[in-house]
Structure formats: structure tokens, C-alpha cells
Q: 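This is the structure, below, for whatever I ask next.
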Amino acid sequence: MPELPEVEHAARTLRAWLSGRTIQRARAVDTRIFRGGSLGDFERSLPGRTLARVDRRGKYLLLTFEGGVGVMSHLGMTGKWVRRVAGAPSRRRTVPKHSRAHLVLDDGSALHYVDPRLFGQIVVVRAHPVAELAVIQALGPDALVDGVEPGRLHAALARSARPIKVALLDQSVLAGIGNIYATEALFDAGIDPSRPSRSLTRGEVARLAEAIRGVLTLSLGRIEAGEIAYLSEGRGVPNRFVIYDRAGSPCPRCGKVLRKTVLGGRTTAFCPGCQR
DNA sequence: ACGGATGTTCGCGC
DNA sequence: CGCGCGAACATCCG
């Protein structure tokens, strides 16, 4: 579930895996994950290089290598980076299922990009810094790095009549929020997700901004603490969210039965009792 | 067994 | 231009 906290964790993990290492080999499978001439650039431009930095903007990972080659990696719905260590006494397969690309490092490890549904993207950029890609420039302030400034958010929300939940998913309004954290933050702030975004008062936007900060930092903390095995193989992990995917259960705040609706084509859980 | 849903983004048509 | 909808794909659940 790669939204901001999960992508931030992926960024930190990649930073640790790649720091001080040299890429020996790069291979990719020809899928639509690679746009333009990126597949060839991925295989040819990366070997011999070392990492300069890993950044995250919203849900986008930005890798910059010494010598001026950048890689943009977006995880889509089901993408993740996993590491395989040579000779590890593991019963896991050497090449993970649905591996679409991998980097072999000088310590013998291999970093695989795994993405069953192929909704992710990898773009290799040589002409300019990777952060100058149009998709990155189009992003609004990052919900974690830049913070959620209530006045600015209020101004952005005041321009549209679409539901507040849909506006929160718009990455040009605020970068990093996806379906789960939009649902959670609106519940936390006690705001009905179907309200027109421009109907929110300054006070409500301030509450929402605090709720967004809260749900993102809480989740990131839990991921970093190892409480959540996002990068591991395990599936069927229990739902750790407060109301996401809990329609039909009692509201943990007021006890009314949680309901669900569809906004912007996305399922949205909400409490009819305490979200106004 | 099969229909319907699933974390994201983009492009099309109105 | 704003918006709503479907498509891209594999897997899981009931």
C-alpha cells in the first residue's frame, strides 16, 4: 500500500542498501513500467555508478547517481523494492516472483523491483536532474517534508466544489496522500468526505491539516519500528487502520455503524454519526 | 466457480 | 477547463 509513509520507508531502505555500493549490472524486463527509452538507459547507464542521493516527493522515489543519471521510481499500487543477498540461507526464491528489473551491487546483493500489476513506473533521466521531470514539478507541497500549512491548503481547497476526499487525492493539492490516509484523516478530523472542498471553514482545514500530519507520522513511525512488514512477503496481515475498510463495524468514536460510499471512483469508509 | 473489489495515475470525452 | 469514468494488470475474497 504505497502511499507517503510506505514510500518514505522505501526511500530510507534504498538509501541504506545503496549507500557506498557500486552497481555492477542492471537488467530489466520489457514491460510498460519503463517509458520511452528508459529500459535501455536503465541497463546501460547505471553499471559502474554509485549513489549520490535518494529523495522522495509525494509518492515518487528519486534516485540520483554520481555522474548525472537519475532514476524516478513510482510504485503504483503494488510495486516494491526487495533485496536478495547472494548465498543467504533463505528458502525464498533467488529471483522474486514478478521481478521486473534488478540491480546487482558490488557486495553481491541484488535489488529487485517487484510489481505484479505493472502499475508502477521507472524513468531514467540523463538530460537534467530527475526532480525536474514534469510529473515531479506538478506536485503540490509534500505532506510530510513541506508540512501541511493550513492557510495554503484552505486556499487550494477553496477553488473547487469536488468532494474534499477527492481533492485530497489530487497530488497537485498535496503530495503523498492516497485513498487510505485520506479516509483516515477525514475521520480523525470529523469531516464528511463528500463535503465540497470549498465548503470547509478555516477551522476545519486546520483540524484536517493536523489530522493528516498525525496519520502520516503515526504510520511512518510504526513502519520504521518494524511493526508493519510492508516490504516483506507476508500477506493477509490484519487491517491496522482505524476506519479504512471497516464499513459495517461500529465507529470507534461514537458507536454508530460505519458506512461506505464511492467518491472519485474510490471506496470511502466514513461515520455518519461523527463526520459532519 | 466466478464476479467484484483492490493501494495509483493517466487519458478520453462531455 | 473541470469532472467522471474506464483502462492498465494480477490476485484475493466471498
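Reminder, nothing fancy here: chain letters follow the sequence lines and each chain counts from 1.
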Q: Rounded to the Å, how far apart are A:Arg32 CZ and B:dG11 P?
A: 13 Å
Q: Check every atom of B:dT6, C:dA10, C:dC9 against the side chain of A:His98 and return the nucleotide holding the closest atom.
A: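 Nucleotide nearest to A:His98's side chain: C:dA10.
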Q: So, under a plain 3.5 Å distance rule, would you say the side chain of A:Arg117 forms a donor-acceptor pair with the base of B:dT6?
A: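 Yes.
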Q: If the test is side chain to side chain contact (heavy atoms under 4.5 Å, CB included), which one of A:Gln275, A:Glu204, A:Lys165 qualifies with A:Ile191?
A: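 The option that passes is A:Glu204.
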Q: Among C:dA8, B:dG7, B:dC10, which nucleotide has an atom closest to any side-chain atom of A:Asn179?
A: B:dG7
Q: Considering all heavy atoms of both residues, which atom of A:Arg57 and which atom of A:Ala131 are nearest to each other, and what is their separation?
A: NH1-CB, 4.0 Å
Q: Would you indicate which nucleotide in C:dA10, B:dT8, B:dT6 comes nearest to any side-chain atom of A:Pro116?
A: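 In terms of side-chain proximity for A:Pro116, the closest of C:dA10, B:dT8, B:dT6 is C:dA10.
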Q: With hydrophobic residues grouped by side-chain heavy-atom distances under 4.5 Å, do A:Leu144 and A:Phe241 end up in a single group?
A: yes
Q: For nucleotides B:dT9 and C:dT11, find the distance between their P atoms and express it as a whole number of Å.
A: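 Going atom to atom, P in each nucleotide, I get 22 Å.
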Q: Send over the distance from A:Met77 CE to C:dA7 C1', rounded to a whole Å.
A: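 The distance from CE of A:Met77 to C1' of C:dA7 comes to 12 Å, rounded to the nearest Å.
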Q: Please list residues of residues 145-177 of chain A whose heavy atoms come under 4.0 Å from any atom in DNA chain C, ordered by number; otherwise none.
A: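 A:Ser160, A:Ala161, A:Arg162, in order of number.
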Q: How long is the line joining CD1 of A:Ile223 and P of B:dG7, in whole Å?
A: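 Computing the A:Ile223:CD1 to B:dG7:P distance gives 16 Å.
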Q: Is any side-chain nitrogen or oxygen of A:Lys260 closer than 4.0 Å to OP1 or OP2 of B:dA5?
A: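 Answer is no, no contact under 4.0 Å.
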Q: May I have the distance from A:Leu75 (atom CG) to C:dA8 (atom P), rounded to whole angstrom?
A: 22 Å
Q: Would you measure the distance from the P atom in C:dG6 across to the matching atom in B:dG4 and give it in whole Å?
A: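 One P to the other, the span is 13 Å.
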Q: Of all residues at least two apart in sequence or in a different chain, which pass the side-chain hydrogen bond (donor to acceptor under 3.5 Å, both in side chains) check with A:Glu224?
A: A:His9
Q: Could you walk me through whether A:Ile164 and A:Leu208 pass the side-chain contact (heavy atoms from CB on, under 4.5 Å) check?
A: CA-CA 10 Å; A:Ile164 178 61; A:Leu208 180 56; 4.0 Å; yes
Q: In this structure, how many angstroms lie between the P atom of B:dC10 and the CZ atom of A:Arg266, rounded?
A: 13 Å
Q: Between A:Leu61 and A:Leu14, is a side-chain contact (heavy atoms from CB on, under 4.5 Å) present by the stated rule, with each step listed?
A: CA-CA 10 Å; A:Leu61 290 165; A:Leu14 282 172; 4.0 Å; yes
Q: Closest approach to the side chain of A:Thr267, judged atom by atom: which nucleotide of B:dG7, B:dT6, B:dC10 is it?
A: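 Between B:dG7, B:dT6, B:dC10, the one nearest the side chain of A:Thr267 would be B:dT6.
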Q: Distance check needed: B:dT8 P versus A:Leu118 CG, whole Å only.
A: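 Computing the A:Leu118:CG to B:dT8:P distance gives 17 Å.
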Q: Please state whether the phosphate of C:dA10, meaning OP1 or OP2, lies under 4.0 angstrom from any side-chain nitrogen or oxygen of A:Lys97.
A: no
Q: Is it the case that atom CZ in A:Arg202 sees more than 12 heavy atoms from other parts of the structure closer than 6.0 Å?
A: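 No, CZ of A:Arg202 has 12 or fewer neighbouring heavy atoms, counting only those of other groups under 6.0 Å.
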Q: Does A:Leu62 share a hydrophobic cluster with A:Val124, counting links as ILVMFWY side-chain heavy atoms below 4.5 Å and allowing steps through other members?
A: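 No, because A:Leu62 and A:Val124 fall into different hydrophobic clusters, even though each may have its own neighbours under 4.5 Å.
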Q: How many whole angstroms separate atom CZ of A:Phe119 from atom P of B:dT6?
A: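 About 13 Å, once rounded to whole Å.
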Q: Using Watson-Crick and G-U wobble pairs with both distances under 3.5 Å, what is the 5'-to-3' dot-bracket string of DNA chain B, with [ ] for crossing pairs and | for pairs outside the strand?
A: .|||||.|||||||
Q: Can the ring centres of A:Phe187 and A:Phe270 be said to be less than 6.0 Å apart?
A: no
Q: Would you call the rings of A:Trp81 and A:Tyr113 parallel, tilted or perpendicular if under 30° counts as parallel and over 60° as perpendicular?
A: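 Correct class here is tilted.
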Q: Give a yes/no answer on whether the side chain of A:Tyr181 brings an N or O atom under 4.0 Å of OP1 or OP2 in B:dG7.
A: no
Q: For the pair made of CG in A:Asn239 and P in C:dC12, what is the distance, rounded to whole Å?
A: 18 Å
Q: What closest approach, in Å, do A:Arg100 and A:Pro116 show between heavy atoms, and which atom pair accounts for it?
A: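 Closest heavy-atom pair between A:Arg100 and A:Pro116: NH2-O, 3.1 Å.
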Q: Using a 4.0 Å heavy-atom cut-off, does A:Gly76 contact any base of the nucleic acid, only the sugar-phosphate backbone, or nothing at all?
A: sugar-phosphate
Q: With the side chain of A:His74 defined as its heavy atoms from C-beta on, choose the nearest nucleotide among C:dT11, B:dG7, B:dT8.
A: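 Out of C:dT11, B:dG7, B:dT8, the nucleotide with an atom closest to A:His74's side chain is B:dT8.
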Q: On a whole-Å scale, what distance lies between the P atoms belonging to B:dA1 and C:dC9?
A: 25 Å
